[in-house]
Amino acid sequence: MKFFIDTADINEIRDLASTGLVDGVTTNPSLVAKSGRNFLEVVEEICGVVDGPVSAECVATDFETMLKEGRKLSKIADNIAVKVPLTPAGLKTCKALSDDGVMVNVTLCFSAAQALLAAKAGATFISPFVGRLDDIGQDGMDLIADIVTIYQNYDFATEVLVASIRTPMHVVHAAKLGAGVATLPPGVLRQLFGHPLTDKGLAAFLKDWEATGQSIL
Ligand code: E4P
C-alpha cells in the first residue's frame, strides 16, 4: 500500500518525507487555504520535496476552464496529478488530460457508480472519501470494498486512493481490502507508529541494558 500525505503544509511534508514512508501528497483548496500560501508556489515546492504524485486541484466547474487549469497545473512538474471533481465536466477533463498522458486524480467520490465512471474516463486515481461517508452514518469502507471488487472485475488500471481518512483503523481496513493508496493527514501517519506496549517494552529493555553497563559503540 502506498502512503500519500494529505496536507499543503510544506514543513509537515518535509518532516514526514524524511521518514522514507511518503509516496505522494494530496492537496485540496481547503488545505491550500489553511496553509496561507500561494497555491502554484506551494505545489511547485511540494513537487521538489516528494518524488511521487502530488495532487493539485482544479477550481473551475466548466470543462473548458477546468481543462485550461489542468494543463497549467500539469506543467508545474512531471509528478503533478491534476485533481478534478467527480462531475460530468470533471470526468470530461479527466479523459482529455489522461489522453495527453497527464496523471489525474478524480476526487469527491461517494459511490461505486461514480468510481466506475472515473475508471472509464481514464483516471489514474479515484478518491473515495471514507470519513465524510462515516460522518453521515454510512460505512465508508463498504464503498472501498465495492470499488476494489469492481476494478478487479474489469482489470481497471485506476488506483483506489482512500481519502478523508480520520483514524489508523481506516488505514488498516483499507489495506485489508487491497486499496492501492491511502492519503493520510500527518497526525494519522504519526499515530500509525504508536503502541503502548512498544513504549513499555522499549523502556524495560533500556533499563535492563543500562544495568549491564555496556555500550554498543
Ligand atoms: C483527499 O484528497 C482530500 O484532500 C481529503 O482526504 C479530504 O479529507 P477531509 O474529509 O478530512 O477533508
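These values consider heavy atoms only, across backbone and side chains, with no hydrogens, waters or symmetry-generated copies. Start at 1 and go down the list; that is how both ligands and their atoms are numbered.
Between the side chain of Y154 and the main chain of K120, no donor-acceptor pair closer than 3.5 Å is present. Proximity of a side-chain donor or acceptor of E44 to a complementary backbone N or O of A77 within less than 3.5 Å is not detected. A donor-acceptor pair under 3.5 Å is formed between the side chain of S164 and the backbone N or O of R132. In this structure, the side chain of D100 does not engage the main chain of V102 through any donor-acceptor pair within 3.5 Å.
Donor-acceptor pairing under 3.5 Å is recorded for the side chains of T65 and D62. For the 3.5 Å distance criterion, the side chains of T26 and D6 qualify, holding a donor opposite an acceptor.
When each atom of ligand 1 is checked for a heavy atom of T26 under 4.0 Å away, the hits are 2 (O). Residue contact check: R132 has heavy atoms under 4.0 Å from atoms 7 (C), 9 (P), 10 (O), 12 (O) of ligand 1. Listed by atom number, the atoms of ligand 1 under 4.0 Å from F129 heavy atoms are 1 (C), 3 (C), 7 (C). Counting the atoms of ligand 1 from 1 in the order shown, those under 4.0 Å from a heavy atom of A163 are 1 (C), 6 (O). If you number the atoms of ligand 1 from 1 as listed, the ones under 4.0 Å from a heavy atom of K83 come out as 1 (C), 2 (O), 3 (C), 4 (O). Each of the following atoms of ligand 1 lies closer than 4.0 Å to a heavy atom of R166: 9 (P), 10 (O), 11 (O).
Remark: of the listed residues N79, D9, I5, I13, I13 is the sole one forming a side chain to side chain contact (heavy atoms under 4.5 Å, CB included) with I46.
Residue contacts with ligand 1: T107 is excluded, as none of its non-hydrogen atoms falls under 4.0 Å.
The pair E12-R190 counts as a salt bridge, with a side-chain nitrogen and a carboxylate oxygen less than 4.0 angstrom apart. Taking 4.0 Å as the cut-off between side-chain N and carboxylate O, E45 and R14 count as a salt-bridged pair.
The shortest N or O to N or O distance between T183 and ligand 1 is not below 3.5 Å. Looking at ligand 1, you won't find any N or O of N105 less than 3.5 Å from one of its N or O atoms. Residue-to-ligand polar distances keep S127 apart from ligand 1: every N/O pair is separated by 3.5 Å or more. Below 3.5 Å of separation, one finds an N or O of N28 facing an N or O of ligand 1.
Counting heavy atoms under 4.0 Å from ligand 1, residue S164 touches it through both backbone and side chain.
Looking only at heavy atoms of the protein, atom 5 (C) of ligand 1 is closest to D6 OD2, 2.8 Å.
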